[in-house]
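Below is one structure; the comments refer to it alone.
Residue numbers start at 1 and run along the sequence shown. Just so it is clear, the model here is predicted, and its values are computed rather than measured.
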Amino acid sequence: RRTHQAAVEIEQRLRKGGLSEKERTLQKNKVAAHHDRVVELIQEIDADWAAMEPVLQRALQLAFEDDDLIALLAWVHEKQQRDAEALALCRRSLLLNPRPNWIWAMARRICVRAERLVDFDALLEDVVRSRPGDAWAWTVQAEQLRDDEQALAAAAEALRLDPLLESAWL
């Protein structure tokens, strides 16, 4: 199976020892650049969540700050009804990149299912606090907040930071 082959390839890369910092960086970039291949493999596996997890775990060993791969692993955990782990991975991914709406939607689903929207609100605050000068983070907060007055204030802050950010005007 292609999935097994990809997992073996990733594992072989991980086992290489004695690499210089430059070689390790190149290796990490190579895996990150092939993140689309990992996504393709995940799609081929279809709904075999147990088979998807090790492929993503191995890929993340080389590209541990790849927000897309982290979010894909969160999605796998969500499908396995491992909501606490899924929400933690959503948080990790969104702290790296707050832009993907599908990850916010997943985090909200998890919090709604647990009847803990307060956790979703805390996630929003954490992301903005970690990226105070990031207009995108403020825009996401404006889109996701449940309180209209707070949402307008967040949108105003996004526009103050970047008046040309089109999504902040919507």
Side-chain angles (χ1 to χ4, degrees), residues 1-17 19 23-131 134 136-146 167:
R1 251 177 119 170
R2 287 181 63 190
T3 305
H4 177 72
Q5 180 185 357
V8 169
E9 289 171 14
I10 291 168
E11 198 159 347
Q12 287 172 345
R13 289 179 188 163
L14 289 171
R15 288 185 182 177
K16 284 186 180 178
L19 299 176
E23 289 170 321
R24 279 194 299 273
T25 301
L26 287 172
Q27 188 176 14
K28 287 177 186 178
N29 290 341
K30 197 181 291 186
V31 170
H34 294 307
H35 125 275
D36 288 342
R37 172 143 167 69
V38 173
V39 172
E40 179 184 307
L41 289 170
I42 294 298
Q43 290 170 342
E44 286 179 15
I45 296 172
D46 197 18
D48 185 353
W49 309 117
M52 289 180 196
E53 186 171 356
V55 172
L56 290 167
Q57 291 285 9
R58 285 183 187 106
L60 281 168
Q61 288 177 348
L62 292 175
F64 64 93
E65 289 191 352
D66 186 316
D67 57 287
D68 289 329
L69 291 178
I70 295 165
L72 282 172
L73 184 57
W75 177 65
V76 168
H77 286 315
E78 182 194 21
K79 294 299 183 184
Q80 294 173 318
Q81 298 178 356
R82 294 163 57 187
D83 287 348
E85 293 165 280
L87 187 58
L89 289 165
C90 285
R91 181 182 190 284
R92 183 175 154 201
S93 176
L94 291 166
L95 285 170
L96 292 168
N97 178 9
R99 295 180 187 188
N101 286 330
W102 73 274
I103 304 169
W104 286 106
M106 178 174 29
R108 184 182 289 275
R109 276 193 313 272
I110 293 166
C111 292
V112 166
R113 198 168 34 248
E115 297 180 358
R116 300 267 318 157
L117 279 175
V118 67
D119 292 342
F120 184 79
D121 296 339
L123 175 60
L124 278 170
E125 289 175 24
D126 287 348
V127 169
V128 171
R129 188 176 22 258
S130 74
R131 306 170 74 87
D134 185 342
W136 273 100
W138 286 96
T139 300
V140 166
Q141 187 176 44
E143 292 170 349
Q144 299 291 335
L145 280 170
R146 294 178 286 149
S167 64

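- Residue pairs that meet the salt bridge (Lys or Arg N to Asp or Glu O under 4.0 Å) test with at least one member in residues 72-81, sequence neighbours left out, are Glu78-Arg109, Glu78-Arg113.
- Distance CZ/Arg91 to CG/Leu95: 4.5 Å, rounded to 0.5 Å.
- Here the straight-line distance linking atom CG of Asn97 with atom CD1 of Ile103 works out to 7.0 Å at 0.5 Å rounding.
- The two residues Gln57 and Leu73 have their closest heavy-atom pair at NE2-CD2, 3.6 Å.
- Side-chain contact between Arg116 and Leu87 is absent, with no heavy-atom pair separated by less than 4.5 Å.
- Proximity of a side-chain donor or acceptor of Arg131 to a complementary backbone N or O of Leu96 within less than 3.5 Å is detected.
- Met106 and Cys90 make their closest contact through CE-SG, 3.7 Å (heavy atoms, listed as atom of the first residue, atom of the second, distance).
- Looking at Gln144 and Phe120, their side chains come closer than 4.5 Å, going by heavy atoms from C-beta outward.
- Leu145 CG to Asp121 CG: the interatomic distance, rounded to the nearest 0.5 Å, is 7.0 Å.
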Going through the distances and angles, do Leu123 and Leu94 end up as a side chain to side chain contact (heavy atoms under 4.5 Å, CB included)? CA-CA 9 Å; Leu123 175 60; Leu94 291 166; 3.9 Å; yes

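- Residues Leu56 and Trp75 have side chains not in contact (no heavy-atom distance under 4.5 Å, counting atoms from C-beta outward).
- Atom CG of Leu89 and atom CG of Leu69 lie 11.5 Å apart (nearest 0.5 Å).
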Residues Leu117, Arg108; criterion side chain to side chain contact (heavy atoms under 4.5 Å, CB included); working and verdict: CA-CA 7 Å; Leu117 279 175; Arg108 184 182 289 275; 4.2 Å; yes

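- Across every non-hydrogen atom of Ser167 and Glu143, the tightest pair is O-OE2, 4.5 Å.
- Between Gln80 and Glu85 there is no side-chain heavy-atom pair separated by less than 4.5 Å.
- The distance from the CZ atom of Arg129 to the CG atom of Leu124 is 11.0 Å, given to the nearest 0.5 Å.
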Arg99 vs Val140, side chain to side chain contact (heavy atoms under 4.5 Å, CB included): CA-CA, chis, key distance, verdict: CA-CA 7 Å; Arg99 295 180 187 188; Val140 166; 5.7 Å; no

